[in-house]
Amino acid sequence: MDLDGARAAVEQASTGLAHPAHRAQAEATLLEFRRSPHALPACRHILRTSSVMEACFQAAATLRDAALRDYAALPPEERSSLRQFCLGVVLGQTEGDANTAPGGAGAGPCPASLMPVVVSQLVSVLAVLIKRAWLDVDEQKLDTGATRADYVAAASAAHAHRQSMLAEAERAVSQASNSKGSDARVIGLNLFAAVITEFAPSTASAMQLPWDFHERCRVSLQNDFLQQFFQHAVGTARAAAETGRALEGLDGGVCVAALRLINAALAWDFQFTGSNPNGGGFGLSAAIPRGDVLRASDGVGADAVKIAPGVSWRDALLAPGSTDWVFELHALAAARALDTNGDAPGRAARAVAHAARQTVSSLCALAGDVFPSKREDPSESSRLAHFARCAFSLNRALRPARQVIARATSGGGDAEEVMTDGARGIAALAAIHAPGDFYQSPSSYAASNPTVSSDENAALASTLGELTVCLLEAGALRSENDGGSLDETLRMCIEAWGALAERSLAGQQRDDAFRSNVGGAGGDAAKARPAHSPPPAFPGQAETSAACAVVFEAYLRFGLAAAAAAAHEEDDGQEEEGKAGAAALDERLALAASVARAAPDETLPLLRAAMEAKKNELGAFLSNGQNGQNRANADPAELLEQLWWLARVVPHVLCDAFEGEFPLPPDAVAECARRAAINDPGGLCPVTETGGSFLNLVGLCLDENAMRSGFVSPRLVEQLIWGAARWTDTYLMPEDVGGSAHAALFGGAVPTLAAVGLGGDG
């Protein structure tokens, strides 16, 4: 094969892709080149000699495809030679052709080594080649009759083979760093991060191999090498941070590259390493707990992002001093990034702050057996010290909330990411740690006595509440912010409140079941309690209920204001997106409903008052219209939009989410009705009264005056019927009991037709 001719053809085709007239011919040439049985030597020649970046990029991509296609036919020496060639190019140790060197200079590093996009592509290619060679020495390929010693020897040989490939790369980086310094170290760190990405199932490259190959590679890397990568990255990043050169931009990007490797390791999908098979961490159900084996952080929220690396990572992540430096580096870098301009140190500080912030977010999501159980650590000092470190960091990032939101909305730097990542960290902690932890000052949990400001030492629930309310004040619910950073941050804040509410309720149910079903002091106390007295509150439950009442009051107030503002817009918001838009809206309202149900005694009267106030306003519109007062100038658009929004919210709060087999009232709502029936027999029940107010709204569909006036839009009628159907399925006609049990409990919520109208002869 004429290598120079192949290089010229690929160079011409690669540059021809940018010209529409030549694109078809260029694509045909490159496809033919990729299918060529002699592509491997041609790719190596192009990467060694060509100075055309596009051609080198195409050669790198073709090298990967050709190596995977022909891998089985390649001898072991050629496989190793390919890896060494890629290492040489990315590290600048492969010499180019003296005849093609610029200015007729002598042979030096090949031109591809000076092209960042090509180097990045070759790093990915090298990661693919390492994975493809991972099982070249296979511990499972043994003859029948092999002994235990044979299996041990085969496993040792396979491990040595894999270790040698990684050590080969490490040696090459060490040698290159003597001449290239930090550039070579950055490339080495990027290579290990690319290896982790390649071995992860969700980001693995297609190799035309059985899934078993990818799974065995994943298990091998996770069990034998992943923590080595993490420890290597920690040592490198910590050393760079402690010198102070990273924040000045004098370390050549080594600290940032090491932090990215740490993030890649923590982003790994740890399977079968936590207390649950899915790696989701702690499970909390109504089942009887296993005594003191549980952690205070055991909880629900399986859908939340959790990192459960298991017991083997405990020392690396939780030992004193193991991660403190990350939080300190993040604080210093974030402060430096705010104080500096767009100069080199400022850019370096922002890069370090961004990478460190991702690491802090990952540490907030630690869950599962990485934390000692209560039997191992009765005081949970290890978990609480970790929670305190995370709380200090999040408080620094998110307080004062108004300033954080103002910077995010002004579009300066990465202020939006600071806000959203902070909310994501709080949401992760809320799904994992005990609700009571959120209402204590972090310094009370810290392993030492740090010197911190009052803002940094605030209870994390206070930070979450301040951020939530300030987001609502900033217009996070307004349609122009739909899908933006304010909307996304508010969603995570509401998720956090919902998780705290759900976990505190589940914790109370768990503890009450435990006290009622086991002997000892706990069982005796449960039996001695009066039949209708409430069980002792779970730590943090009362505080969570009170905070959720405040949050939902603000949500209701600003939601009505946002609905009124939306009345003057041309579109109907998410409704115009069809089913997907309606599903997105329902998802948001379902989150808000979980917050409302955390304090139904306070929030249901708020909903009832809002519905009655808006219904009365509509009645005033109708009366004025019938009397001919300002009919031409009457515009109930804002009011109708607010009624539509309420008609969507209330069923989410009161009614079943239809996620189970049979529709049933939400547990918190049913418990509220039970309390009202016990504490004030025959008195007003918040559930009944709110349901009655909602059905009064539904009565608009039966009010002829309202329908004739044109003030009640078909869109509102459709929404009211949707809500009425959901209410009916939940309370009147559930499929499991034929409606008798629910009608007996909630029958008072069904008003007569004479009471639902707005007046007149309807």
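Heads up: numbering here begins at 1 and tracks the sequence. The analysis underlying the following values was restricted to heavy atoms, covering all of them including side chains, and did not include hydrogens, waters or symmetry mates.
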Item to check | More than 12 heavy atoms of other groups within 6.0 Å of R424 CZ | outcome: yes
Next on the checklist: Test your reading of the model: is there a side-chain donor-acceptor pair from S120 to the backbone of V117, 3.5 Å cut-off?
Outcome noted: no
Checklist entry - Looking at T29 and A9, what are the two nearest heavy atoms and their distance? => result CG2-O, 4.2 Å
Item to check | Any D269 side-chain heavy atom under 4.5 Å of S202 side chain | outcome: no
Checklist entry - Would L338 and R407 count as a side-chain contact (heavy atoms from CB on, under 4.5 Å) if you check the C-alpha gap in whole Å, the side-chain angles of each, and the deciding distance to 0.1 Å? => result CA-CA 10 Å; L338 287 176; R407 285 195 295 267; 4.1 Å; yes
Next on the checklist: Check whether S14 reaches the backbone of V10 with its side chain - one donor and one acceptor, N or O, closer than 3.5 Å.
Outcome noted: yes
Item to check | Straight-line distance of K131 NZ to L68 CG, nearest 0.5 Å | outcome: 10.5 Å
Checklist entry - Looking just at side-chain N and O atoms, do S361 and D421 make a donor-acceptor pair shorter than 3.5 Å? => result no
Checklist entry - Rounded to the nearest 0.5 Å, what separation is found between the CE atom of M419 and the OG atom of S485? => result 4.0 Å
Next on the checklist: Does H232 have more than 12 heavy atoms from other residues, nucleotides or ligands lying within 6.0 Å of its NE2?
Outcome noted: yes
Next on the checklist: To the nearest 0.5 Å, what is the distance between CD on E54 and CD on Q12?
Outcome noted: 13.5 Å
Item to check | Intermediate values then yes/no, ring-ring contact (aromatic ring centres under 6.0 Å, His included), W134 and F199 | outcome: CA-CA 10 Å; W134 202 253; F199 277 68; 4.9 Å; yes
Checklist outcome for this item: Heavy atoms of A6 and A42 approach each other most closely as CB-CB, 4.2 Å
Item to check | Over all atoms of both residues, closest heavy-atom pair of P309 and A367 | outcome: CD-O, 4.2 Å
Item to check | Worked verdict on L467 versus L490 for side-chain contact (heavy atoms from CB on, under 4.5 Å) | outcome: CA-CA 8 Å; L467 179 63; L490 177 64; over 6 Å; no
Checklist entry - So, D70 and R79, do they make that salt bridge, N to O below 4.0 Å? => result no
Item to check | S393 (side chain) donor-acceptor with C390 (main chain) under 3.5 angstrom | outcome: no
Next on the checklist: Within this structure, what is the CE-CD distance for the pair M115 and Q121, rounded to the nearest 0.5 Å?
Outcome noted: 13.5 Å
Checklist entry - Has the side chain of N190 got a donor or acceptor atom that lies under 3.5 Å from a matching backbone atom of A257? => result no
Checklist outcome for this item: Closest heavy-atom pair, T489 versus A423, reported as atoms and distance to 0.1 Å, is CG2-CB, 3.6 Å
Checklist entry - Yes or no on side-chain contact (heavy atoms from CB on, under 4.5 Å) for L261 and F230, after CA distance, side-chain angles and deciding distance? => result CA-CA 7 Å; L261 177 54; F230 178 81; over 6 Å; no
Checklist entry - Do you see a donor-acceptor pair shorter than 3.5 Å between the side chains of Q84 and S80? => result yes
Item to check | Modelled atom types, side-chain donor and acceptor of T203 and E198, under 3.5 Å | outcome: no
Checklist entry - Has R44 got its NZ or CZ under 6.0 Å from the middle of the six-membered ring of F85, at an angle within 45 degrees of the ring axis? => result yes
Checklist outcome for this item: For A55 and S50, the nearest pair of non-hydrogen atoms, with its separation, is CB-OG, 4.0 Å
Next on the checklist: Taking atom CZ as the centre, does R185 end up with more than 12 heavy-atom neighbours from other residues, nucleotides or ligands that are less than 6.0 angstrom away?
Outcome noted: no
Checklist entry - Taking C-beta and beyond as the side chain, do D414 and R357 meet within less than 4.5 Å on heavy atoms? => result yes
Next on the checklist: Between I426 and M492, does the side-chain contact (heavy atoms from CB on, under 4.5 Å) criterion hold? Intermediate values first, please.
Outcome noted: CA-CA 8 Å; I426 293 183; M492 289 186 285; over 6 Å; no
Next on the checklist: For A240, is there any backbone N or O sitting under 3.5 Å from a side-chain donor or acceptor partner on D251?
Outcome noted: no
Item to check | Verdict with reasoning, Q222 to R218, per side chain to side chain donor-acceptor pair (under 3.5 Å) | outcome: CA-CA 6 Å; Q222 176 176 304; R218 181 196 67 79; 3.1 Å; yes
Next on the checklist: Could you check whether any side-chain N or O of S113 sits under 3.5 Å from a backbone N or O of V89, counting only pairs where one atom can act as donor and the other as acceptor?
Outcome noted: yes
Checklist entry - Would you say W268 and I307 make side-chain contact, with heavy atoms under 4.5 Å? => result no
Checklist entry - Got a second to check how far S51's OG is from L114's CG, nearest 0.5 Å? => result 11.0 Å
Next on the checklist: If you define the side chain from C-beta out and look only at heavy atoms, does anything of Q175 sit under 4.5 Å from Q93?
Outcome noted: yes
Item to check | Student check: side-chain heavy atoms of H45 and D4 closer than 4.5 Å | outcome: yes
Checklist entry - Would R132 count as a cation-pi partner of F213, with NZ or CZ less than 6.0 Å from the six-membered ring centre and within 45° of the ring normal? => result yes
Item to check | Taking every non-hydrogen atom, the tightest pair across V123 and A194 | outcome: CG1-CB, 3.9 Å
Checklist entry - Do R478 and D487 meet the salt-bridge criterion of a basic N to acidic O distance under 4.0 Å? => result no
Item to check | CZ-CD distance between R588 and E495, expressed to the nearest 0.5 angstrom | outcome: 10.5 Å
Checklist entry - If we only count heavy atoms from C-beta on, is the R238 to L329 side-chain gap below 4.5 Å? => result no
Checklist entry - Hey, does the side chain of T62 reach the backbone of A59 with a donor-acceptor pair shorter than 3.5 angstrom? => result no
Next on the checklist: Counting C-beta onward and ignoring hydrogens, is there a side-chain heavy-atom pair between L82 and L63 closer than 4.5 Å?
Outcome noted: yes
Next on the checklist: Is it the case that the side chain of D2 and the backbone of G5 share a donor-acceptor pair, with hydrogens and angles ignored and the cut-off at 3.5 Å?
Outcome noted: yes
Checklist entry - Is it the case that more than 12 heavy atoms not belonging to Q25 sit under 6.0 Å from its CD atom? => result no
Item to check | Minimum side-chain heavy-atom gap M207-H214 below 4.5 Å | outcome: yes
Next on the checklist: Salt bridge check, R245 against E248: does any charged N sit closer than 4.0 Å to a carboxylate O?
Outcome noted: no
Item to check | Over-ring placement of R162 relative to F225, 6.0 Å and 45° cut-offs | outcome: no
Next on the checklist: When you measure from the side chain of S36 to the backbone of E32, do you find a donor-acceptor pair of N or O atoms at a distance under 3.5 Å?
Outcome noted: no
Item to check | R336 side-chain N/O to A349 backbone N/O, donor-acceptor pair under 3.5 Å | outcome: no
